[in-house]
J.: 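If you scroll down you'll find the structure; I have some questions about it.
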Amino acid sequence: MIFSESNANIAGALARSWAAIQTPKHNAKVQVVTKKGGKYTFEYTDLNGILDAVRPIFIENKLTIMQNSYSVVENGHTSACVETMFLHESGEYVKSFPLKFPAAESMQDFGGQITYMKRYSLAAMLGISTEKDDDANGSSGNDYQYSRNNSYSQPSSYPSAQNAQQNRQESSIDPLKITVPFGPHKGKTLGQIQQEEPNYLGWLAENAQRQDLKNAAKMLAGQMQPQQPAPVGLVDAPTMQRLTNVLIPLSEIKKMDPDILYNISLQKIKVPYKQSNQLTMPEANLLIDYLEQVSKITEGQMPNSKNLITDAQLKALKTALNAAATRTKMDKTAVADYAKMTLRIPAEVESKALTREQASKMIDFINKLPAAQQAK
């Protein structure tokens with residue numbers, strides 16, 4: 001997680017909130033038809049159920065939840081990304097690292113994927129379990145029927161004795177034999193993943209909600225990755241100022257959160273994520289050179305004010321997004337992200353920064369999106 005530079009106020013607010021938050025009961029049910037024709041049903045807590053459970057506690061502690069979804073294109077492959085932030089009234093915040101998955105191809109699956117990722121990211125930030133992590137079945141190729149449980153009640157208390165017994169049982173399980181129940185390696189053991197795609201273990205160690213799976217992935221990832229020596233030659237104050245001087249103006253031009261731009265830029269120059277004060281001098285200089293090059297290109301590509309989206313187009317786009325959200329049963333942000341991804345418009349470009357041509361294409365595309373199919 002990433003904290004604001006000052007966190008004296010939010011630390012206490014989060015501590016009080018986490019002490020009061022309890023695991024919410026399941027409020028949704030999914031019947032899944034597998035690719036092979038089999039069926040199974042499971043219950044879980046959907047995104048609205050989590051928000052309903054924590055919102056009163058967060059309001060009491062002057063906290064709000066913000067989630068941002070966007071897409072990025074890397075090496076010709078599009079990924080869907082979600083970030084979750086807890087913002088305190090003081091301006092202090094804590095936010096997640098971007099949760100990233102290969103983007104689903106169809107609109108309905110993309111919308112379901114974004115919702116799934118928001119739920120997964122929020123639950124991970126809150127430290128709660130929403131069993132089961134299987135509500136993105138559409139993007140896995142399975143057919144499914146969703147229903148909301150209207151008998152949702154207040155969260156139940158933690159079964160601490162049962163958890164303790166479960167933890168003792170988990171300690172005797174061979175980590176290589178633990179099966180992953182979701183994602184691209186669904187159904188495979190950690191031993192198989194270690195052989196086929198060892199880097200995925202690191203992702204599981206950071207993002208898995210099931211504690212036994214997370215602990216096992218950490219153990220196996222640690223066996224494969226020797227401990228790195230402490231970094232030397234860290235960035236100095238003048239270089240840090242140079243980085244700030246190029247990063248902040250560029251983020252304003254591109255209408256992006258500076259932290260998001262920083263993270264994406266590190267990926268572009270192939271530097272593993274780290275806080276800016278942990279960069280080495282060569283890494284910091286490489287990052288500054290990259291950002292300066294992007295600034296020059298961006299300034300040359302900035303649309304003339306006469307070519308920017310008109311007020312009428314902006315109003316038409318908002319109307320199209322509202323109608324599409326109702327028609328497709330998708331979040332408006334997910335609809336916009338899907339349209340941008342399809343039309344090859346950079347995800348970070350906000351509506352008011354679109355060109356007239358981009359706006360026209362988005363409005364036309366969104367108005368043609370089909371309605372969601374009703375479950376039989």
J.: The criterion is side chain to side chain contact (heavy atoms under 4.5 Å, CB included); which residues satisfy it with T342, sequence neighbours excluded?
T.: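 Applying side chain to side chain contact (heavy atoms under 4.5 Å, CB included) to T342 gives Y338, F365.
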
J.: Measure the CG-CE distance between L279 and M240 for me, rounded to the nearest 0.5 Å.
T.: 6.5 Å

J.: Taking the hydrophobic residues Ile, Leu, Val, Met, Phe, Trp and Tyr, and joining any pair whose side-chain heavy atoms are under 4.5 Å apart, which ones share a cluster with M85?
T.: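 Traced through the cluster, M85 reaches M66, L87, Y93.
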
J.: So L247 and I288, do their side chains get closer than 4.5 Å, heavy atoms only?
T.: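 Counting from C-beta outward, I288 and L247 never come under 4.5 Å.
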
J.: Taking 4.0 angstrom as the limit, do R16 and E60 come out as a salt bridge?
T.: no

J.: Restricting to non-hydrogen atoms, name the atom on E83 and the atom on Y70 that form the minimum distance, rounded to 0.1 Å.
T.: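 Closest pair (atom of E83, atom of Y70, distance): OE2-OH, 3.3 Å.
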
J.: Within this structure, what is the CG-OG distance for the pair D337 and S69, rounded to the nearest 0.5 Å?
T.: 4.0 Å

J.: With rounding to the nearest 0.5 angstrom, report the NZ to OG1 distance, K62 to T64.
T.: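 The NZ atom of K62 sits 12.5 Å away from the OG1 atom of T64.
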
J.: Hey, what do you get for CG (L317) to CE (M362), rounding to the nearest 0.5 Å?
T.: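 These two atoms lie 5.0 Å from each other.
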
J.: Taking salt bridge (charged side-chain N to carboxylate O under 4.0 Å, His left out) as the test, write out the residues that go with E92, two or more places apart.
T.: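 For E92, no residue satisfies salt bridge (charged side-chain N to carboxylate O under 4.0 Å, His left out) once neighbours in sequence are set aside.
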
J.: When you measure from the side chain of R356 to the backbone of I309, do you find a donor-acceptor pair of N or O atoms at a distance under 3.5 Å?
T.: no

J.: Without swapping roles, check the side chain of E283 against the backbone of T280 for a donor-acceptor pair under 3.5 Å.
T.: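 Pair found, side chain donor or acceptor close to backbone of T280.
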
J.: Which pair of non-hydrogen atoms, one from R327 and one from L369, has the smallest distance, and what is that distance?
T.: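 Closest pair (atom of R327, atom of L369, distance): NE-O, 2.7 Å.
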
J.: Let me see the working for K95 and D259 under side chain to side chain contact (heavy atoms under 4.5 Å, CB included), right down to the final yes or no.
T.: CA-CA 10 Å; K95 67 177 182 178; D259 289 332; 2.9 Å; yes

J.: I'd like to check P272 versus L266 (side-chain heavy atoms, cut-off strictly below 4.5 Å). Are they in contact?
T.: no

J.: Just jot down the side chain to side chain donor-acceptor pair (under 3.5 Å) partners of N367, sequence neighbours excluded, or say none.
T.: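 N367: no side chain to side chain donor-acceptor pair (under 3.5 Å) contacts found.
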
J.: Could you give me the CA-CA distance, side-chain angles and deciding distance for T189 and I178, then say whether side chain to side chain contact (heavy atoms under 4.5 Å, CB included) is met?
T.: CA-CA 5 Å; T189 65; I178 292 179; over 6 Å; no

J.: How long is the gap from CG on L243 to CG on L291, to the nearest 0.5 Å?
T.: 6.5 Å

J.: What I'd like to find out is whether the side chain of N322 reaches to under 4.5 Å of the side chain of K332, using heavy atoms alone.
T.: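 They are in contact (side-chain heavy atoms under 4.5 Å apart), so the answer is yes.
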
J.: Do D331 and I114 come close enough that some side-chain heavy atom pair is under 4.5 Å?
T.: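 No; the side chains remain at least 4.5 Å from each other.
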
J.: Could you tell me if the side chain of P181 sits less than 4.5 Å from the side chain of K186, heavy atoms only?
T.: no

J.: Is there a side chain to side chain contact (heavy atoms under 4.5 Å, CB included) between Y120 and V82 once you walk through the steps?
T.: CA-CA 10 Å; Y120 194 98; V82 165; over 6 Å; no

J.: Residues in side chain to side chain contact (heavy atoms under 4.5 Å, CB included) with N245, at least two apart?
T.: Q241

J.: What I want to find out is whether D46 reaches R119 closely enough, with some N-O distance under 4.0 Å, to be called a salt bridge.
T.: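 Salt bridge absent between D46 and R119.
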
J.: Dump the intermediate steps for side chain to side chain contact (heavy atoms under 4.5 Å, CB included) on K340 and S71, then the final yes or no.
T.: CA-CA 9 Å; K340 289 178 182 178; S71 59; 5.6 Å; no

J.: Can you name the closest pair of heavy atoms from N61 and I57 and give their distance?
T.: ND2-O, 2.9 Å

J.: Is there a donor-acceptor pair under 3.5 Å between the side chain of Q358 and the backbone N or O of T355?
T.: yes

J.: Does a donor on one side chain and an acceptor on the other come within less than 3.5 Å for Q267 and K100?
T.: yes

J.: When you measure from the side chain of S265 to the backbone of L261, do you find a donor-acceptor pair of N or O atoms at a distance under 3.5 Å?
T.: yes

J.: Closer than 3.5 angstrom, by distance alone: can the side chain of T328 be matched with the main-chain N or O of A371 as a donor-acceptor pair?
T.: no

J.: Hey, could you give me each pair passing ring pair (Phe, Tyr, Trp, His ring centres under 6.0 Å) that has a residue in residues 49-69? Not counting sequence neighbours.
T.: F58-F86

J.: If you look at every heavy atom in S121 and Q67, which pair is closest and at what distance?
T.: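 The pair with the smallest heavy-atom distance is CB-NE2, 4.4 Å.
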
J.: Quick one: CG on L99 to NZ on K118, what's the gap to the nearest 0.5 Å?
T.: 12.5 Å

J.: Mind checking what makes side chain to side chain contact (heavy atoms under 4.5 Å, CB included) contact with P258, not counting sequence neighbours?
T.: I248, S251

J.: Looking at side-chain heavy atoms only, is the closest gap between S276 and Y262 below 4.5 Å?
T.: yes

J.: Is the number of heavy atoms from other residues, nucleotides or ligands under 6.0 Å of N277 CG greater than 12?
T.: yes

J.: List for me each residue that meets salt bridge (charged side-chain N to carboxylate O under 4.0 Å, His left out) alongside R55, sequence neighbours excluded, and say none if there are none.
T.: D52

J.: Taking all non-hydrogen atoms of both residues, which atom of N7 and which atom of S4 are closest, and how far apart?
T.: ND2-O, 3.9 Å

J.: Kindly indicate whether the side chain of I260, heavy atoms from C-beta on, has any atom under 4.5 Å from the side chain of N68.
T.: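 Counting from C-beta outward, I260 and N68 do come under 4.5 Å.
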
J.: With T239, which residues qualify under side chain to side chain donor-acceptor pair (under 3.5 Å), at least two apart?
T.: D236

J.: Who pairs with F97 by side chain to side chain contact (heavy atoms under 4.5 Å, CB included), at least two apart in sequence or on another chain?
T.: I2, Y273

J.: Can you check whether V72 reaches T78 side chain to side chain, under 4.5 Å on heavy atoms?
T.: no

J.: Report the residues that fulfil salt bridge (charged side-chain N to carboxylate O under 4.0 Å, His left out) with K368, sequence neighbours left out, ordered by chain and then residue number.
T.: D364

J.: Residues in salt bridge (charged side-chain N to carboxylate O under 4.0 Å, His left out) with E357, at least two apart?
T.: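 K361.
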
J.: With a 3.5 Å distance limit and no angle check, can you tell me whether Q293 reaches the backbone of Y290 through a side-chain donor-acceptor pair?
T.: no

J.: What's the shortest heavy-atom distance between W18 and M125, and which atoms?
T.: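 That would be CZ2-O, 3.2 Å.
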
